[in-house]
Amino acid sequence: MGLFRRKKPDPQPTPQPTPQPTPPPTATHGAASPSASAGGPTGAQSAGNQPSGNHSSAPAAAAGKPATAATATVGPTQVTMFDAFGRPQSLPREQWRKEVLPKLVESYAHAPDRLAAMVLQYLRDGFASDLLPAALRLAALDPDHERGLSILAAVQREVGELEACARTLEELQQKVPQSVSPLVGLAMVREKEGNRSAATALLWQALQKDGNHPDALHGWLQFEHQRRGQDGYGAALEEVCALPKTWRPQLWRARQALLQQNIAPALAEYRAVAAAAGTESDVLFMMVNDLGRAGQMEAIAELVLPRYRLEQHHPGIGVALLSYYVQTKQPVLGMELLHQLRVRFQRALDAQLGPFDAEFTRMTVPAAEPIQGTPKVTLYRMDRPLWFPVLAKPEFLLPPPQSDKQVLFAGLAVLGDGLKTAQITREDELGRLSRSVPLFLTEQLWLLAGIPSAVALPVVEGGGWVVSGVPWAEDKLAELLTDRERQCTRIVTGSVRPDGSQRRVDLWVYDTATKQRIGHATATGDDGKLGPVFLQLLAELSPLVGGPRELAPQVGDAVFWDRYATAQAQLAALVIAAQGAMPKNRVYGHRAILEWILALALDERRSVQARMLLSAALAADATIGSKVHRELAAPFAELFRVEPANSPFARTALPVLRVLGLEPLWQQRRDEILAGGGEVLRAWVTRLEGPLSPPASGPGASGSGSSGLGHPGLGHPGLGR
């Protein structure tokens, strides 16, 4: 056990085009990595308390829990912890110290591993004075005497009880005579007393017993670097490297060689260390960062990649390897590692991994290609809300029709944006708006007013979305309906007209029976603040299609519904790809879509519609063969756990829990959910609980149809906005 690392920072990441922060506090309960200072240890990196040894499973266990045990200080007055959904929550430092910390200590009172990790974490965060009772309890009950007594000594030292700390270290020496930790701990006491020479001598004595002890090595090198200066630091390295059976000091010597551009000797040194101790987390961490900083990508592939095990090693190594995959332009392998990190360390590494997701997505999206000839455009019609087809068609959730009329919305045209030719491009805000308006209105009319509503969105065969340059011709759309539908359908077409940041949306209602327009609704708002536009259009349009006046959702403000409609436009690609109407390889940014919808569901807990959208997103992602949905297993499970049994979200959770590997959670609540659901729900569940069958695909799988339309007469659509 070592005691020399509390204030020593984790290795600094290799400078790369994408951000690569150091591992979060939740992931640093195990063996710390050597400092990545350029020339050697410095005074700013002194002191520490973290147990050494190969505890590489500890960070994995700690980071994998989206619990309040993961904290980090934010400035001098705030503490951030993570709730059951993995979201950071900040509390005033004093409030957290008085209200949260005692409960955590008590909850881990009989779990030495968790108690030890917790004490170490909060000791790093400056709560030493509050941790002394917990450290005393740990020392009494921990079967690992070295760990328990080392941690107690560290806490005692931090609160200034130096005599008690020395007695604890003496007890440790008696109980574990072979341990180097008492010498290292006593060196820290002497340093705190101002006796640097005695501290240095004790560390050198520790190195005689174990030249690879990380804390003894780091402390001794730090003191010698300060005493001898940069010119004498090389000699100090040679002295410690000459100790028998050492390999850890050679890591520092290899770094020095890299800094001096002596690449061949450095690589030889790294190879020798890797052969001797290549499974140690801090060895791999130091190598991947040093080699990455030096641009030695082939050496990373040779020395680090074959030895790295995600389930065994510090997550910071995985984060550093993502940077390697960026530099070597290997987005597929990078995305796979990113996915594995997110599954294992659910929510704990989000801040570190987000930039890599964006970079790998950018690498995988193909460049825009001009379309040759006349593209074949298909209108994909969805007669139910987005979540309906991918959640096994839960017809029992839709209200009985309140009107003998039905409504068909078409994708909106985008006017005046200068689009003259069809081309495949990445999605933009105007394209999303052309879909979000009809999708939002369709769902709200169905759920709030019981008006059967459908939406027809255009896609190009073998490609992506189509956005028309002029509003769709209503008589042409009417030709796609059956004779019966033409007697009872109102078609809603419209346009988006951008003017700087302003967006004007116009909608026209066309009665197919009388073949004339019967109404108009319009609203104007600013990009990024379009929630009032969606709500105004719903209120104005509802009476024109047979619904009540001033129709509005019962929960959620304008900001929420703006975000919700954007989520619908994003999710639509996943859903129709899952139904076979869009190539799966034309859908990008799965992770961003799912994260957006998860945040929506968590931020407005009153809206069951948002949680239904999340269920649909995860189910659709699974259907198209992506793995991203598995990364959201923990927050989805928690949402299901706290959901009322009679909620539509709880009643339709089975298909999602299945694809997440969480079906036992359904079995725990099955009887409770079915008790108040009636025979229709019971029959639906019974059908789903049968043997898994291949998911339905193709336009008809959702109760929706698609109609092929030629390009002429439909304006000048642009593809893939």
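Counting from 1, the numbers follow the sequence of the chain as shown. The model shown is predicted, which means the values in this text are computed figures rather than measured ones.
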Does some side-chain heavy atom of [Y] sit less than 4.5 Å from a side-chain heavy atom of [X]?
X: Arg255; Y: Glu269; value: no
X: Gln340; Y: Val343; value: no
X: Leu333; Y: Leu337; value: no
X: Ser281; Y: Gln312; value: no
X: Tyr108; Y: Val119; value: no
X: His218; Y: Trp252; value: yes
X: Leu639; Y: Leu602; value: yes
X: His213; Y: Leu183; value: no

Measuring from [X]:[atom1] to [Y]:[atom2], what's the distance to the nearest 0.5 Å?
X: Leu152; Y: Thr168; atom1: CG; atom2: OG1; value: 4.0 Å
X: Leu207; Y: Leu221; atom1: CG; atom2: CG; value: 8.0 Å
X: Leu614; Y: His629; atom1: CG; atom2: NE2; value: 12.0 Å
X: Gln296; Y: Glu302; atom1: CD; atom2: CD; value: 10.5 Å
X: Ile151; Y: Leu123; atom1: CD1; atom2: CG; value: 9.0 Å
X: Leu251; Y: Met286; atom1: CG; atom2: CE; value: 5.0 Å

Exercise for the section: Show the numbers, then the answer: is there a side-chain contact (heavy atoms from CB on, under 4.5 Å) between Trp96 and Leu104? Expected result: CA-CA 11 Å; Trp96 185 89; Leu104 289 174; 4.2 Å; yes
Exercise for the section: State plainly whether the residues Asp357 and Arg342 are in salt-bridge range, i.e. N to O under 4.0 Å. Expected result: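 Answer for the salt bridge query: no.
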Taking all non-hydrogen atoms of both residues, which atom of [X] and which atom of [Y] are closest, and how far apart?
X: Leu243; Y: Gly211; result: CD1-CA, 4.3 Å
X: Leu322; Y: Gly334; result: CD2-O, 3.4 Å
X: Pro177; Y: Lys209; result: O-NZ, 3.5 Å

Practice task
Go through the side-chain N and O atoms of Ser90 and Gln78 and say whether any donor and acceptor fall under 3.5 Å apart.
Solution key: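 No, because no side-chain N or O of Ser90 sits under 3.5 Å from a partner of the opposite role on Gln78.
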Practice task
Check whether more than 12 heavy atoms from other residues, nucleotides or ligands sit under 6.0 Å from atom CD of Glu298, and answer yes or no.
Solution key: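 For Glu298, atom CD is not crowded (no more than 12 foreign heavy atoms under 6.0 Å).
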[Y] backbone acceptor or donor facing [X] side chain under 3.5 Å:
X: Asp83; Y: Gly86; answer: yes
X: Asp144; Y: Arg147; answer: yes
X: Thr246; Y: Cys241; answer: yes
X: Arg309; Y: Pro306; answer: yes
X: Thr364; Y: Thr361; answer: yes
X: Asp210; Y: Ala216; answer: no
X: Arg190; Y: Ala199; answer: no
X: Arg307; Y: Leu284; answer: no
X: Gln346; Y: Ala634; answer: yes
X: Asn289; Y: Phe285; answer: yes

Handout entry: Those residues that, when tested against Arg137, pass side-chain hydrogen bond (donor to acceptor under 3.5 Å, both in side chains) (two or more places apart)
Key = none
Practice task
Give me the ring orientation class for Trp204 and Trp220: parallel if the planes are under 30° apart, tilted from 30 to 60°, perpendicular past 60°.
Solution key: tilted
